Structures are given as structure tokens and as C-alpha cells.
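Since the structure comes first, as C-alpha cells, the remarks are kept for the end.
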2 protein chains.
Amino acid sequence: MVVDHDAPEPPYLQVAAILRGRIQAGQLPPGARVPSITALMGEFGIARNTARRAIEVLKDEDLVTVRQGWGTFVALPG
Amino acid sequence: MVVDHDAPEPPYLQVAAILRGRIQAGQLPPGARVPSITALMGEFGIARNTARRAIEVLKDEDLVTVRQGWGTFVALPG
DNA sequence: AAATATTTGTACGTATGTATG
DNA sequence: GCATACATACGTACAAATATT
């Protein structure tokens, strides 16, 4: 899966939407580790800051919790 | 005024705090134009993205409103 | 205790796109 | 068309936190 640089939706929002979909579909269940920044870079062909912005979107939605030096995880329900 | 790269507080938070202070002090009253990204770069000796992050902080606090192609303005009270 | 690997955090400089006036 | 200002993205570098060896 690669982002579409020509789409009206910017890459960081595309990636955020994809990850959100995986969470809501249960593909990434609560407590699961979200792919690391480096992994997202490789999977979607995006730069580091772009990957971080996508995670930032999900963090602002309280869908994930991020901890430096550890990783990003799907937020627990409730 | 220049940011301190050796301070524990990162530059983008330093700049956000300074601007927040100007707003709360009335130096930047409601409706006033906040210095542009380019102006902040020059005033604080920071990069473009760093300036934008500072503004982002204030935007998340609803202290300013940002409009593409126009500028950034101190939010109206209420 | 110390070194190493992994992961997130911050910042740089640059380029291009989009919106407004 | 042009100038200004914000929006997004690239690639790179180093710092900080965590866990493991």
C-alpha cells in the first residue's frame, strides 16, 4: 500500500485514515502495537515527519497512545 | 529575541509560550494579526516547520485562528 | 553498570502546492 | 499575473526514552 501523491487528500491524512480503518475494523485491536514510524515509512513510501503527522492525527482523536522510546499502541476502550 | 537551543524546553514550545504571553498581556489583542511564519523565522531564528509547530500549539488551544492565504489572527473572546 | 538497538521527539533546510488579495 | 501567507512533504541529523543484552 502506497499513498497517492496526486490525490486531493494529502498523504498524512491518507495514512491516518488507513490506520483508523484498521483500528475500527479490529485488525488492530485495543492494546495492539501500531507499526512504528520506520515501518510506516517503508509501508507507505512516506517521509518520517509525514508518518509522525499521521500518528498525531490518531493521537488527537484518542485512538492511540504514544510513548517515547517504547511505541504507539491502540487505545483501550473507555 | 532568539530561542535557546540548550534549554530543556524545545524551541517550538518556547515560541508558543512567548506568543501566548503576548496574547494574554494584550500586546496582541483579539483580532490582531499574529506575525507570519516567515516573520517568526526571522525573529526567533528558527526553521519554518518549527514556527508552524508553535502556531499549531496556539491553534490547538483556540488562542488563534489560521486561514490559508490570509494569515493567523488572535481569536476573539467567547 | 554499560553498551546497544529500537522507537519516538525535535529541528534543520528546501521544494512545491494552495488560497487569498 | 503577481505577491504574500499558509499547507504539505521531502530527506537528514541528532536527542531522549525504553528495553534488551
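Order of the sequence lines sets the chain letters (A, B, ...), proteins ahead of strands, with each chain counted from 1. None of these values were measured; they are calculated from a predicted model.
- For A:His5, no side-chain nitrogen or oxygen approaches OP1 or OP2 of D:dT8 to under 4.0 Å.
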For this session: Can you check each nucleotide of nucleotides 15-21 of chain C against protein heavy atoms at under 4.0 Å and return B for base, S for sugar-phosphate only, - for none, in 5' to 3' order?
Result: B-BBBB-

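- Side chain of A:Arg33, nearest nucleotide from D:dC6, D:dT8, C:dT7: C:dT7.
- OP1 or OP2 of C:dT8 lies within a sub-4.0 Å distance of a side-chain N or O belonging to A:Thr72.
- As a whole-Å value, the separation of B:Met41 CE from D:dC6 C1' is 13 Å.
- One finds no salt bridge joining A:Arg53 and B:Glu56 here, because no Lys/Arg side-chain nitrogen approaches an Asp/Glu carboxylate oxygen to under 4.0 Å.
- Counting non-hydrogen atoms under 4.0 angstrom, A:Ile55 reaches nothing in the nucleic acid.
- When rounded to the nearest whole Å, the span between CD of B:Glu9 and P of C:dG9 equals 16 Å.
- Closest approach to the A:Ser36 side chain among C:dG9, D:dT8, C:dT8 is made by C:dT8 (side chain taken as heavy atoms from C-beta onward).
- For the pair A:Glu56 CD and C:dT8 P, the interatomic distance rounds to 12 Å; values are reported in whole Å.
- Put simply, CD1 on A:Ile37 is 12 Å from P on C:dT10, counting in whole angstrom units.
- To the nearest angstrom, C1' of D:dG11 lies 13 Å from CD1 of A:Ile46.
- Across the protein-nucleic acid pair, B:Arg53 atom CZ and C:dC12 atom C1' stand 13 Å apart, rounded to whole Å.
- Closest approach of B:Ala16 and B:Leu58 over heavy atoms only: O-CD2, 3.6 Å.
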